[in-house]
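Remember, predicted model here, so these are calculated numbers, not experimental data.
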Amino acid sequence: MSIDKNNNRGVVWRVAGSNLMGNKLHSFFTVLTIILAVSLISGLAMVQKSGEKEKQRILDTMQQVMYMNITDRQMEGLAGDRQTELLVPYKEGSEIKESGVKMYPFYIESRSSGIVTFTPQDGKVPEQENEIAVDIQLLKALGKEVKIGTELELSFTEGEQETFVVCGLMDRGSEMSKYPVYVSKAYADRGAGLWDIPYTALVKIVGAGDMQISEFAGAVDALAVRYGIERNQINVNGNFEYSLQKSSMTLLIVMVGIIVLFAAAVVIYSIFYLSVTGRIQQIGQLRTIGMTKKQINRMIRREGLMLSAIAIPVGIGIGNVFAYFIKPDGWDVKNCLLTACACAAFGILSVLFSVGKPAKMAGSVSPVEAVRYAGDDRDTEGKDRPHKRLSAWTLAKSSRNSNRKKGVLTTVSLAIGGVLFMVGAAYMAAWDTDEYSRLGEFEDWEYIVDYAYDAHGNAQKYGITDLQRQGTLDDRLKEQLEHIPHVRAVLREITTQAIIRDGDKEVLVNVYPVTEENKERLDSLLDEGSTDTLKDDAVIIVNNKMMRSIFDISLDMGKKVGVEWYNGSVQQREVQITGVRESSDVDRKLEDGIYITEQAMDEMWSGMNKTSSFLVTAEDFRKNGETIEANILDILDEHKNLRLRTLREKKIDDEAQIKNLNTQIYGLTVFIIIFSIFNMINTNISSITARRREFAMLESIGMEKRQIMKMLCIENIYLAIPNILITFAAGGLAGFGTVWAFRKFVGAAYMHYQFPVAEYCIYAVCMLLVPMLITAICLSMQNKDPLVTRINYTD
């Protein structure tokens with residue numbers, strides 16, 4: 001139906017559509033802004049949702065709890081229990097080293113569902129006692145031919161060489177610090193490397209995914225009690241337990257989304273503001289022919305809705321593609337639809353909010369005001385000098401003063417993007433990958449020589465005590481390590497293990513001596529008590545909260561508990577708790593466990609070498625690290641009950657995690673940069689297009705094209721400088737605050753704030769040069785039209 005037909009209900013829609021088609025450039029850039037905003041927020045939301053889904057899918061393929069070191073009878077009972085959804089038995093042998101490559105025998109059923117274990121990509125699952133399945137990276141590291149039928153000579157027990165035939169191959173695609181060698185059930189039961197190691201049961205509990213944490217913990221304990229499994233034999237999957245808690249990530253994504261959409265709303269508002277001010281005379285004419293204020297207001301709003309109908313679906317599509325490439329394993333249709341609905345609602349509300357003020361302004365325009373409208377924000381009552389020297393600088397300054405409100409809007413929209421960019425850049429600049437790998441055991445050391453003790457696959461009731469009684473970590477070995485070239489220091493760590501018992505509840509804990517070196521720090525960290533009150537029949541507890549929550553044993557101040565230890569025979573005594581620290585020491589200068597006097601420790605483990613490890617540090621680790629590692633391994637060849645753990649191996653294990661995280665941050669930061677630059681381009685082109693007639697008039701009175709270009713470049717500088725300064729100040733402060741928050745609340749001690757100088761300089765150059773480039777292109781395109789055409793131009 002045409003506009004001249006008597007259909008007042010549809011005329012507003014047709015006029016709005018006609019306005020959009022008549023000003024395609026304005027429509028294009030508004031659509032582009034909405035697309036960028038919606039794609040960013042939908043991409044963020046889908047990445048978060050896909051991450052949760054990916055983690056859940058991984059958890060769905062893992063055990064929820066492990067019952068370690070159980071008997072065949074306990075295994076049968078667990079497998080047949082009505083509360084057990086699935087049980088998979090496994091056992092793991094001691095680590096060995098062949099040709100410089102670490103590996104260990106590992107038996108587990110091959111499964112592709114429920115609890116996913118391994119499936120050979122080539123060949124079959126081991127069945128015979130001498131058959132194994134391995135990763136192709138292991139064969140490459142050993143210098144063996146990568147094919148089925150390859151024979152390997154391995155020694156899983158000291159002095160006994162065994163021949164295995166590769167029957168199955170896997171490919172994880174990357175190097176590993178140590179490799180599992182999958183063996184058959186026959187070897188697990190009778191083979192020299194595994195026969196004397198008890199099984200561990202990997203268990204999934206019926207309906208666990210719908211339980212509360214306390215309900216899940218109760219189900220785990222109930223199974224253990226029914227089959228006589230001790231509490232220290234229970235190992236709950238912490239990731240699964242954490243998944244039962246409510247995550248705050250959704251709230252974080254909503255907050256980020258509001259910030260992004262606010263930034264987009266400012267830009268959309270700016271574009272519609274420019275559009276409305278450029279159409280004041282047209283709006284006055286519509287009022288003259290009978291359009292009401294309400295219809296004018298509705299027309300502007302419907303222009304925004306019509307553009308949203310195009311832009312929002314496209315933005316959601318781009319965001320989902322972006323999320324798919326970052327988290328392909330977690331992407332699913334349900335989350336996509338839910339995210340699309342939420343983002344569409346956010347996008348529409350954002351657009352309606354953005355066009356609200358311009359629509360109200362347009363509706364309030366009267367025909368008389370439209371004729372007299374001058375097209376700027378100049379205060380007509382303000383005083384001005386009667387004469388001015390006309391130049392590019394004065395005209396640029398005059399234009400800035402005349403359009404102060406537009407300039408503020410542009411600066412705000414750019415600054416928001418700049419601040420978000422600086423936060424991402426500061427986060428990446430603050431990340432110290434070396435310190436990240438040094439968190440924990442390798443904070444001050446590059447090598448740890450300790451006993452080859454497996455707390456999961458071959459746990460002993462009294463921990464490492466049996467191995468310590470062999471006394472392998474002695475003074476002779478320490479001297480050998482100290483005489484390795486470029487070794488700076490070798491520290492002896494004194495630790496052993498004992499059982500703390502309170503009634504029928506017990507927990508295996510590390511035991512440390514109170515020394516002159518740790519006494520002062522221990523006193524400063526205790527929540528209750530002091531080392532001054534510590535006697536031979538007393539203990540200090542560190543991380544009581546963990547023992548209470550995981551092992552359900554409360555070790556409160558003043559309480560008397562039993563201590564049981566092994567020094568060749570089982571010994572017991574009652575001790576009193578004279579000091580307590582509720583939480584762990586985040587700086588790891590004090591480890592979790594119990595602290596007793598040196599005299600008590602010597603008495604309890606009389607004559608036993610209580611050294612638990614040698615901590616080795618190097619002179620210039622980057623330069624000498626590989627040589628030192630090779631020398632340590634040569635020394636350890638004669639000690640099969642010892643192992644070497646290195647910072648190098650830790651870095652290998654951390655690389656995949658760091659790479660994945662950095663990919664996501666880089667992707668988000670690049671997206672923010674693009675969003676900011678496109679918003680700047682949108683505003684710049686919209687402004688130049690709206691002033692096309694003004695430029696033609698200046699040219700008609702003698703201004704040269706290069707002078708107009710110079711004037712616009714100066715205007716761009718006037719706009720860019722405030723944005724650059726705000727980004728420097730607010731962005732730098734926001735980046736510092738982000739890093740500080742990660743260090744304080746997340747414990748990211750490996751993050752150190754550094755102002756991202758290179759990124760900021762690139763951003764500043766883009767903010768200065770890109771508008772000038774766009775200006776040159778726009779003027780060049782406008783100048784192709786004759787001067788008369790440009791003078792007669794109407795929006």
Side-chain angles (χ1 to χ4, degrees), residues 33 36-37 39-41 43-44 47 252-270 322 350 400 406-432 661-684 715-746 748 750-774:
T33 300
L36 286 170
S39 60
L40 180 57
I41 187 57
L44 282 173
V47 165
L252 178 62
I253 292 296
V254 170
M255 292 175 63
V256 173
I258 290 173
I259 293 172
V260 172
L261 289 175
F262 175 74
V266 172
V267 176
I268 296 168
Y269 172 82
S270 178
F322 169 75
S350 175
R400 182 195 64 176
K406 300 174 187 177
V408 170
L409 290 172
T410 303
T411 299
V412 170
S413 64
L414 294 177
I416 291 174
V419 169
L420 291 175
F421 163 70
M422 288 294 288
V423 169
Y427 178 86
M428 289 186 292
W431 187 285
D432 190 316
L661 181 61
N662 281 347
T663 298
Q664 295 180 43
I665 298 297
Y666 273 115
L668 179 59
T669 304
V670 168
F671 210 92
I672 290 172
I673 293 172
I674 294 173
F675 181 71
S676 184
I677 289 176
F678 268 97
N679 284 345
M680 176 182 59
I681 292 173
N682 292 354
T683 305
N684 198 275
E715 289 182 18
N716 288 329
I717 292 173
Y718 279 136
L719 285 175
I721 294 301
N723 169 43
I724 291 172
L725 293 176
I726 292 172
T727 299
F728 176 84
L733 188 62
F736 175 82
T738 300
V739 173
W740 175 84
F742 269 91
R743 286 180 61 87
K744 184 172 179 63
F745 300 111
V746 184
Y750 51 86
M751 295 185 71
H752 305 279
Y753 177 73
Q754 298 178 27
F755 187 84
V757 177
E759 291 85 348
Y760 176 74
C761 290
I762 293 171
Y763 178 83
V765 169
C766 287
M767 291 300 107
L768 286 169
L769 296 185
V770 171
M772 295 181 185
L773 178 62
I774 298 301

Inset, instruction - Would you check if the side chain of Arg743 reaches a backbone N or O of Met751 as a donor-acceptor pair within less than 3.5 Å? - result: yes
Inset, instruction - Would you check, one step at a time, whether the test side-chain contact (heavy atoms from CB on, under 4.5 Å) holds for Phe755 with Met422? - result: CA-CA 9 Å; Phe755 187 84; Met422 288 294 288; 3.5 Å; yes
Inset, instruction - Flag the pair Ile724 / Leu768 as yes when at least one side-chain heavy-atom distance between them is below 4.5 Å, and no otherwise. - result: yes
Legend entry - Phe742 side, atom CZ; Tyr750 side, atom OH - distance, nearest 0.5 Å: 7.5 Å
Legend entry - Pairwise side-chain contact, Phe421 with Ile762, heavy-atom cut-off 4.5 Å (strictly under): no
Inset, instruction - Find out whether Val739 and Gln754 are in side-chain contact, i.e. whether some heavy atom of one side chain is under 4.5 Å from a heavy atom of the other. - result: no
Inset, instruction - On the 0 to 90° scale, with breaks at 30° and 60°, tag the Phe736-Tyr753 ring pair as parallel, tilted or perpendicular. - result: perpendicular
Inset, instruction - Return the minimal non-hydrogen interatomic distance between Ile717 and Pro722, and the atom names on each side. - result: O-CD, 4.4 Å
Inset, instruction - Identify the heavy atoms of Ala429 and Pro756 that sit nearest to each other, and give their distance. - result: CB-CB, 4.5 Å
Inset, instruction - Would you give the length of the straight line joining atom CG of Asn716 to atom CG of Leu769, rounded to the nearest 0.5 angstrom? - result: 10.5 Å
